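Given the structure is predicted, the values throughout are model-derived calculations rather than measurements. Residue numbering restarts at 1 for every chain, and letters A, B, ... go by the order of the sequence lines.
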Amino acid sequence: MDIVPYLVNNGLISATGILLGLAVRNRFTTGCRIMIQRNQLDLRKFVVPEFICGYGALQLAGRYARNFGMKQVLLVTDPGVRAAGWADAVGESLTEAGVPFTIFDAISPNPRSGQVMAGAEVYHSEECNGIVAVGGGSPMDCAKGIGIVSSNMQDILTFEGVDRVPVPAPPLICIPTTAGSSADVSQFAIITDEMRRRKIALVSKALVPDISLLDPRPLTTMPLELTVDTGMDALCHAIEAYVSNASSPMTDLHALEAIRLIHSALPAVIEDPENLELRFSTLLASLHAGLAFSNASLGATHAMAHGLGGVYDLPHGRCNALLLEHVIAANYEAAPDRYDRIGAIFDREPGEQTTPAGEIAAFRRSIGITATLTELGIREDAIPTLARRAYADPCLVTNPRRLTCEDIERIYEHAL
Amino acid sequence: MSMHSEPPDDPDTLREKIIGLGETSLHKSYYPELQSRLAELERFRALLDQTHDAIFLIHAETGRLADVNASAGMYLDCSKKELLATPFINWISPQKKAVFDEFARRSCEQLPASRWTCIASLVSREGRETPVEITVRSVTFGDKQYLVAIARDITDRLQAERELKIKESALESSTNGILITDLAGTIMYANPGFASIFGYERGEMLAGRSLEIFFANPAIGKKVTDLLRKNHAITEETIGVRNGGSPFHIQVSGSVVQNDAGQPLCIMLIVMDITERILIDQLKRETCAQLGKNIEQFAILGDHIRNPLQVIVGYAEMIDDPLAKMILDQSDRIDEIITQLDRGWVESANVRQFLRRHGDDAEPRVETFIQRFSIKDWDS
């Protein structure tokens with residue numbers, strides 16, 4: 001796909017805009033869209049938690065809980081992870097270390113604000129002083145929410161936004177059982193405001209967990225669909241971090257490595273789900289992507305996916321997968337070199353004329369994601385509402401292009 | 001930032017924060033919060049040090065002091081450093097040591113022993129004793145069992161209790177009847193003297209009864225309370241009624257008891273049986289009246305005797321008869337008797353005057369509050 005005609009045809013840029021190329025201090029415009037120019041000397045911060053990766057890492061949960069001075073742990077998980085036995089495995093580690101714990105597993109995918117508040121109540125009633133989260137993004141985000149609600153004694157919805165956590169949460173140990181959310185290393189937590197049926201983003205360096213224990217074994221019990229969705233979530237994290245206007249040389253390293261690992265390991269692990277080395281590669285990919293996006297933040301794909309997840313309660317990774325290529329197409333002109341570098345990683349037949357958006361679309365189809373948003377039940381008349389919500393999402397701030405609400409509507413329409 | 005509270009047209013600020021360059025974009029650190037909590041604890045300790053109560057934190061297992069506040073050191077003439085790790089029982093009166101040890105043992109064994117209060121003395125290093133009320137509670141910090149003992153100096157309280165006891169004894173032993181009622185006239189306290197005056201058994205429960213049952217005219221009870229609410233003090237005589245129904249004379253003095261702010265709290269009445277005095281007064285009045293009658297009769301009698309005696313003496317002086325001298329002698333004797341009667345009359349008049357001057361039959365005798373302010377109300 002030729003990106004310029006695509007953008008022009010979809011109203012995202014105008015030919016006049018391309019010709020004008022208006023420049024302002026530290027900014028330039030392309031197609032009438034203001035963008036923030038990257039400068040290697042710009043101030044950047046890189047926050048990373050302690051993490052241990054490798055076979056058997058989850059068995060260290062008890063030792064670290066004890067070292068953090070946890071006297072009573074709230075073990076946050078979900079019914080699926082518990083059924084797979086990973087919560088019990090972590091519980092055994094805690095017991096061996098002499099740390100008593102209480103399990104809280106009333107958590108759904110796209111965790112609700114009410115679930116966070118219920119978890120905080122259990123935390124207080126059981127007199128816990130530390131949290132261990134075992135699971136995918138939902139239990140880990142919920143655990144982050146429980147932590148800040150407990151230390152600040154406020155409703156979870158009051159922390160919506162950036163840097164809104166005045167008192168740090170109690171110690172949090174994360175053990176991811178999926179390879180995609182990277183909630184175990186990120187400064188993000190996404191919670192669904194069930195009253196208003198929307199996802200809210202909590203962004204704060206205070207949300208970065210204290211330690212992540214990355215063990216590949218829990219990944220082997222993930223169903224295929226979850227493996228694919230979370231893998232695409234990780235890919236989306238890496239790509240959006242790489243093209244983010246807040247990226248840095250440090251985040252670039254991690255983002256590109258994540259993209260390479262996902263490109264090579266995700267299709268392979270679908271074929272061989274029991275292969276621990278491949279699983280570990282996807283886990284590493286998620287880790288790299290997490291380190292990248294936690295510091296460079298994300299972009300329009302995530303802003304738009306949050307809108308979809310809030311209204312339709314769809315799997316987050318699947319929403320990202322179906323939006324990513326369309327956002328890439330819309331953003332391409334703002335960071336062509338970066339997108340081309342990504343495209344080159346996915347280029348199946350070098351020399352053939354392809355676009356990064358086309359390569360990504362082909363990749364997701366190759367791993368079995370072939371539906372459209374329409375097939376997931378998204379209606380066209382919902383687009384204005386979805387676009388308004390995406391426009392207000394903090395992830396949009398670091399998108400390489402400044403998109404208007406109308407731009408976002410066009411992207412949704414194209415993804416239908 | 002709130003997606004709704006932060007203006008979407010300020011993406012630069014938001015971006016700076018997301019990158020981590022915002023004023024509060026700090027990596028998770030417990031240190032500032034720890035400092036804040038420590039400062040809070042310091043403030044709390046300063047508060048504890050300001051209290052007059054001596055506070056001891058005691059290891060339940062060893063009975064030794066783990067922490068004390070400043071007042072504890074003051075009562076025991078020791079610095080905090082000197083007190084720490086010493087056995088708590090070293091600092092209390094010997095007779096309470098065994099009881100405290102038993103409480104500590106029960107706490108260690110987690111038997112029901114959540115609270116214990118006793119009166120004891122804190123004994124300072126110099127042997128100075130301070131009477132205290134000690135409340136001991138069992139508490140758990142982490143996995144350790146402690147006892148918290150709070151000793152409150154009760155020197156002033158004991159003194160006040162002694163004074164109160166004296167006052168109470170005075171009330172109990174008074175031969176006058178003393179009543180304390182609420183503002184509506186319901187009895188709260190009646191001393192034995194009151195019970196005795198009104199013919200009740202000592203110790204018979206009078207509290208809760210209405211004041212009106214003690215007056216021959218029940219309406220007087222309400223008048224007493226009404227007048228006291230208006231005038232705050234009364235003194236008057238009226239007719240009381242004994243337990244068996246017999247009336248008798250009483251004097252009632254009352255006042256409204258007020259708190260420091262001048263608000264009325266209750267009514268205090270002092271009741272005296274004045275039946276005997278009333279009877280004596282009546283007797284005096286009758287005597288006085290009799291004296292008056294006697295004086296009057298003496299005057300009449302004197303006149304009735306002197307007038308004919310003058311005639312007899314005139315005739316006797318005019319006749320020359322040997323008997324005339326005898327008549328004159330006898331007349332002189334009669335005159336002398338009459339003169340003595342006149343002197344008796346004058347003395348009787350003086351006695352009556354004396355009685356009147358001392359007011360036993362004067363009316364009104366004394367001007368009282370109730371007479372000045374509401375004599376009509378009282379008599380009506």
Go through the atoms of A:V47 and report whether side chain, backbone, both or neither lie under 4.5 Å from a heavy atom of chain B. side chain
So with a 6.0 Å cut-off around CD of B:E82, is the heavy-atom count from everything else above 12? yes
For atom NZ of B:K96, decide whether the heavy atoms of other residues, nucleotides or ligands shown that lie under 6.0 angstrom number more than 12. yes
Donor-acceptor contact present, side-chain A:K205 to main-chain B:I18, <3.5 Å: yes
Counting heavy-atom pairs under 4.5 Å with chain B, the top scorer among A:A169, A:A296, A:S297 is A:A169
Take a 6.0 Å sphere around CG of B:N259 and say whether it holds more than 12 heavy atoms from other residues, nucleotides or ligands. yes
What option among A:V203, A:L43, A:T398, A:L396 has the most heavy-atom pairs under 4.5 Å with chain B? A:L43
Count the heavy atoms belonging to other residues, nucleotides or ligands that lie under 6.0 Å from CD of A:E127, then report whether that count exceeds 12. no
Within a radius of less than 6.0 Å around CD of B:E163, do more than 12 heavy atoms belonging to other residues, nucleotides or ligands occur? yes
Please classify the contact of A:L298 with chain B as side chain, backbone, both or neither, using a heavy-atom distance under 4.5 Å. neither
Would you indicate whether B:K80, at its atom NZ, is surrounded by more than 12 heavy atoms from other residues, nucleotides or ligands within a distance under 6.0 Å? yes
Name the member of A:P171, A:S151, A:P49 that forms the most heavy-atom pairs with chain B at distances under 4.5 Å. A:P171
Would you call B:D12 and A:R402 a salt bridge, using N to O less than 4.0 angstrom? yes
Criterion side chain to side chain contact (heavy atoms under 4.5 Å, CB included) against A:V397, the qualifying member of B:R15, B:K17, B:E16: B:R15
To the nearest 0.5 Å, how far apart are NZ in A:K45 and CD1 in B:I19? 11.0 Å
Heavy-atom count check: over 12 atoms from other residues, nucleotides or ligands less than 6.0 Å from B:M74 CE? yes
If you look at every heavy atom in B:Y30 and A:P170, which pair is closest and at what distance? OH-C, 3.4 Å
